[in-house]
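Accompanying notes for the structure given below.
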Amino acid sequence: MLTSKERAELRARANTLETTLMVGKDGVTQAVAEEADRLLTARELVKGKVLESALMSPREVSDALCEATRAEGVACVGNKFVIYRFSEKCQQERNQTGRAKRKVTPVSKSDPVRKGIRARRAAQKKIREERNAYFKEKAIERAIERDREKQLRNSD
């Protein structure tokens, strides 16, 4: 599963890529899936185009190819899509040329964004409960006051 930062980096890399995979009116066939697999092994990042004559949307094509090749969808814009799959072959080439090695990203047990959202929701819930308790108390006091006024009127 790609993080949003990794996905953004891959989208930026895909901007300069040429479209290498075309999907025609037959949709995602075995030949298209094999070609995508071959391209993913050779390049890791593949940009494809869905022709207008195809009966599938680019999102459907991307999902089908991702399922067939165990890749991940990066982007779908217009009639183009980008898919990614890590390739050992490309990693070995990067290591030989001295480019940076793939870093293992540490997995955090807690998500700070969700933690903040939960804290704000809890604070809002506490404020709502205090406000509701205040109005409930005032409503009870008002009801008691009305009952007393009613009893005073009846006793006169």
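Counting only residues at least two apart or in different chains, side chain to side chain donor-acceptor pair (under 3.5 Å) contacts with residues 48-57 are absent. Judged as a side chain to side chain donor-acceptor pair (under 3.5 Å), the pairs with a partner in residues 16-37 (not counting sequence neighbours) are, in order, Q30-E34, E35-R38, D37-R85.
Legend: residues meeting side chain to side chain donor-acceptor pair (under 3.5 Å) with R146, ordered by chain and number and at least two apart, are absent. By the side chain to side chain donor-acceptor pair (under 3.5 Å) test, Q92 pairs with no residue at all, sequence neighbours left out. Here L152 pairs with nothing under the side chain to side chain contact (heavy atoms under 4.5 Å, CB included) rule; sequence neighbours left out. Residues passing the salt bridge (Lys or Arg N to Asp or Glu O under 4.0 Å) test with E60, sequence neighbours excluded: none.
V32 and V61 fall within the same hydrophobic cluster, where Ile, Leu, Val, Met, Phe, Trp and Tyr residues are linked whenever their side-chain heavy atoms come under 4.5 Å apart, directly or through other members. Residues L10 and F86 fall within the same hydrophobic cluster, defined by Ile, Leu, Val, Met, Phe, Trp and Tyr side chains chained together at heavy-atom separations under 4.5 Å. Linking ILVMFWY residues whenever their side-chain heavy atoms come closer than 4.5 Å, directly or via other members, leaves L21 and V82 in distinct clusters.
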**Message:** Walk me through whether K5 and E9 qualify under side-chain contact (heavy atoms from CB on, under 4.5 Å).
**Reply:** CA-CA 6 Å; K5 287 186 179 183; E9 181 184 329; over 6 Å; no

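Contact record, A54 with V23: CB-O, 4.2 Å, taken as the closest heavy-atom pair. Between L45 and A14, the shortest heavy-atom distance links the atoms CD2-N, 3.9 Å.
Side-chain N or O atoms of K89 include none that pairs as donor or acceptor with a backbone N or O of T41 at under 3.5 Å.
Under 4.0 Å is where a charged nitrogen must lie from a carboxylate oxygen, and between R153 and E149 at least one such pair does. Comment: R142 engages E145 in a salt bridge, judged by a side-chain N to carboxylate O separation of less than 4.0 angstrom.
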All N/O donor-acceptor pairs, side-chain side in residues 119-138, below 3.5 Å, sequence neighbours left out:
| residue | atom | partner | partner atom | Å |
| --- | --- | --- | --- | --- |
| N132 | ND2 | R128 | O | 3.4 |

Could you go through residues 63-79 and list every donor-acceptor pair under 3.5 Å that involves a side-chain atom there, pairing it with any protein atom two or more places apart or in another chain?
| residue | atom | partner | partner atom | Å |
| --- | --- | --- | --- | --- |
| T69 | OG1 | L65 | O | 2.6 |
| E72 | OE1 | L2 | N | 3.0 |
| E72 | OE2 | M1 | N | 3.1 |

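Within the 4.5 Å cutoff, side-chain heavy atoms of E44 are placed close to those of Y84. Counting heavy atoms from C-beta on, the side chains of S87 and L40 never come closer than 4.5 Å.
Using a 4.5 Å cut-off between side-chain heavy atoms of Ile, Leu, Val, Met, Phe, Trp and Tyr, L51 falls into a hydrophobic cluster with M22.
Counting heavy-atom neighbours within 6.0 Å of R7 CZ, excluding the residue itself, gives a total above 12.
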